[in-house]
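Computation of the quantities below employed the complete heavy-atom set of this structure, encompassing side-chain atoms and omitting hydrogens, waters and symmetry-equivalent molecules. If you read the sequence from its start, that first residue is 1, and numbering goes on from there. Just follow the structure's listing: the first ligand is 1, and inside any ligand the first atom is 1.
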Amino acid sequence: MTDTSIVFIVSGALNRGKSSIVSTLTENDDIAVSAIPGTTRKANRYDYQIGGRSLYSLVDTPGFERPVKALYTLETETNPSLSYPQRLNELFSSPEIQKRFPEETEILLPILKGGAIIYVVDTSLPPSAASHAEMELLRRTGQARIALINKQSAGHDDLWLSLLNQYFNIIRHFDAAKAGFNERIKLLSVLRDIDPRWYEELDPVIETLKTEWIDRNNEALQNISKLISDILQVRIDKSFETLSNMEENRKILRKSFLDKLLELEKVYQQNIRRIFKHKRYKSGLEVNQETQSADFYDLKQWEGLGIPKEKFALTMAVIGGATGFAADLAMGGWSGGLPSILSATFFGGAAWFGYDSIEVSKKRVGKHRLLFLIKPKSAYPFIILDRAIAYYLFIKTYAHGRRDDAAPPKSINIIGKAEQQQLKNLTNIFKILSKTDTTAYLTIEKERQKLQEIIAVLLEDEQQ
Ligand SMILES: Nc1nc2c(ncn2[C@@H]2O[C@H](COP(=O)(O)OP(=O)(O)OP(=O)(O)O)[C@@H](O)[C@H]2O)c(=O)[nH]1
Ligand SMILES: [Mg+2]
């Protein structure tokens, strides 16, 4: 691991959102954040890494506990002929002082070693005597510094601004619970400017972050198109003792099919969380009654996607007109003219066109096959595509400092916004993928690529 010399020390009073800022800026959701004041007790350094290389570090620190007394001690118990950084160094190197001011020691020592200061304030509370003392102590370290107004709760902004202006050249708003990639880059650009030593170093870091962000988004798009091609390639093989209880058989097939879809969606969601470095966030797709219910992938959902009825009718006409779709069930154990064991292979495509409306014609086709006629009904690839995009956009903008575990939206209505031609193109890709043999890798790859391109176009307006 290459070490970086770029170190920011995040300081401020208790419970102001310091750890949240560190968490968001280092994309590390392992850091303890809580509404209980005094959560952070020791200074901890967190590196932001790409490919094993540390690009910059942030030090999370405890809140100031006794800044007024610490300032007084600095004034009265240190040698006035020395510079303030020297006096601070001397003072906080003393074990006795460290014992008296453990929090101040944790904050000031890393700064005195050469870190730049990020001072966090929450303007919902007015500044106090302690705030003055905190800023005085920080100023006396002689290090570069910036003030961040965390949480967007306006309260005593004017009071704070006039005070902060006396101590900081740069003051910015930063909402650690909402900041996305662009806000992070903006803040890093500001930080780049506070210390001339780091300008040269931080500039390429920002470029690296931008390139890596593009890579991550491309990887996410690959995952979306892989998910869709995987669900269209689902093949369920089951054997049944008898054809007489077809209602029951259909339920069993349907459940296996839905279980498989859920499993694939879950793997997809895990991959998206991995790409965007969310280790802790759990609230993803849950297997519940809703997801297992009959209309989960059905037209009701489709209408929920906001697609006008005419558009839907046209798309379905494309599907219907192009197929006259039928599914075969191969039969084994043929004896005495009637099947005793039915080995059924249900194709993803068959389910796409309406699992529930499968009609068993019982028409024998050839010696060992039965023909099943399928009515177009379900739109599950569109529904899953829409939800996959919604999840991706949600996770990529979910700040690592956020801890509320908000549920992802089920739909983002992106399919509803698609042009008719795009829907037709999607439909054709779905159709090819659902009919293609799972070992026809080249065809699958080609269709995946086409799908990814359409998704990229659909997402053009949504990407930040
Ligand atoms: N809405 C909102 N809440 C925030 C923000 N930053 C922090 N919080 C919340 O404020 C509380 C304190 O956040 P922390 O990041 O733990 O604060 P801290 O300054 O590290 O606290 P100590 O370690 O106890 O000094 C938590 O409940 C956070 O979820 C923000 O930008 N917006
Ligand atoms: Mg903390």
Student: With a 4.5 Å limit on heavy-atom distance, are the side chains of Ile228 and Phe430 in contact?
Tutor: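 In short, these two side chains touch, coming nearer than 4.5 Å.
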Student: What's the spacing between Arg387 CZ and Ile224 CD1 if we round to 0.5 Å?
Tutor: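 Here the rounded value is 13.0 Å.
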Student: Would you call the rings of His278 and Tyr281 parallel, tilted or perpendicular, where under 30° means parallel and over 60° means perpendicular?
Tutor: perpendicular
Student: Taking 4.0 Å as the limit for heavy-atom contacts, which would you say applies to Pro37 with ligand 1: side chain only, backbone only, both, or neither?
Tutor: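 Under 4.0 Å from ligand 1, Pro37 contributes backbone atoms alone.
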Student: I want to know if ligand 1 touches Thr61 in the polar sense, i.e. an N/O pair below 3.5 angstrom.
Tutor: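 N/O-N/O distance below 3.5 Å does not exist for this pair.
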Student: With a cut-off of 2.8 Å, how many protein N, O or S atoms neighbour the Mg ion (ligand 2)?
Tutor: 2
Student: Just going by heavy-atom distances, which of Ile21, Ile31, Val33 is nearest to atom 29 (O) of ligand 1?
Tutor: Val33
Student: Taking the side chain as every heavy atom from C-beta outward, state whether Ile272 and Phe394 have any pair of such atoms under 4.5 Å apart.
Tutor: no
Student: Hey, could you give me the CD1/CD1 distance between Ile146 and Ile194, rounded to the nearest 0.5 Å?
Tutor: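 Atom-to-atom, Ile146:CD1 and Ile194:CD1 are 5.5 Å apart.
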Student: Hey, is Pro62 touching ligand 1 through its side chain, its backbone, both or neither, going by heavy atoms under 4.0 Å?
Tutor: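 The answer is neither; Pro62 stays 4.0 Å or more away.
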Student: Does anything in residues 213-226 pair up under salt bridge (Lys or Arg N to Asp or Glu O under 4.0 Å), and if so which pairs, sequence neighbours excluded?
Tutor: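 Every pair satisfying salt bridge (Lys or Arg N to Asp or Glu O under 4.0 Å) with a residue in residues 213-226: Glu27-Arg216, Glu212-Arg216, Glu219-Arg274, Lys226-Asp230.
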Student: Distance under 4.0 Å to a non-hydrogen atom of Arg16: what atoms of ligand 1 satisfy this?
Tutor: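 Answer, ordered by atom number: 17 (O), 18 (P), 19 (O).
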Student: Considering only heavy atoms from C-beta outward, does the side chain of Glu136 approach that of Pro67 to under 4.5 Å?
Tutor: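 Sidechains of Pro67 and Glu136: no contact.
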Student: According to the interplanar angle, ranging from 0 to 90°, do the rings of Trp213 and Phe181 count as parallel (below 30°), tilted (30 to 60°) or perpendicular (above 60°)?
Tutor: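 Ring orientation of Trp213 relative to Phe181: parallel.
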Student: Using a 4.0 Å cut-off to any heavy atom of Leu14, which atoms of ligand 1 qualify?
Tutor: 25 (O)
Student: Please could you name the atoms of ligand 1 that Ala176 approaches to less than 4.0 Å, counting only its heavy atoms?
Tutor: 31 (O)
Student: Classify the contact between Ile36 and ligand 1 as side chain, backbone, both or neither, using a heavy-atom distance cut-off of under 4.0 Å.
Tutor: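 It is the backbone that gets close, since no side chain atom is under 4.0 Å.
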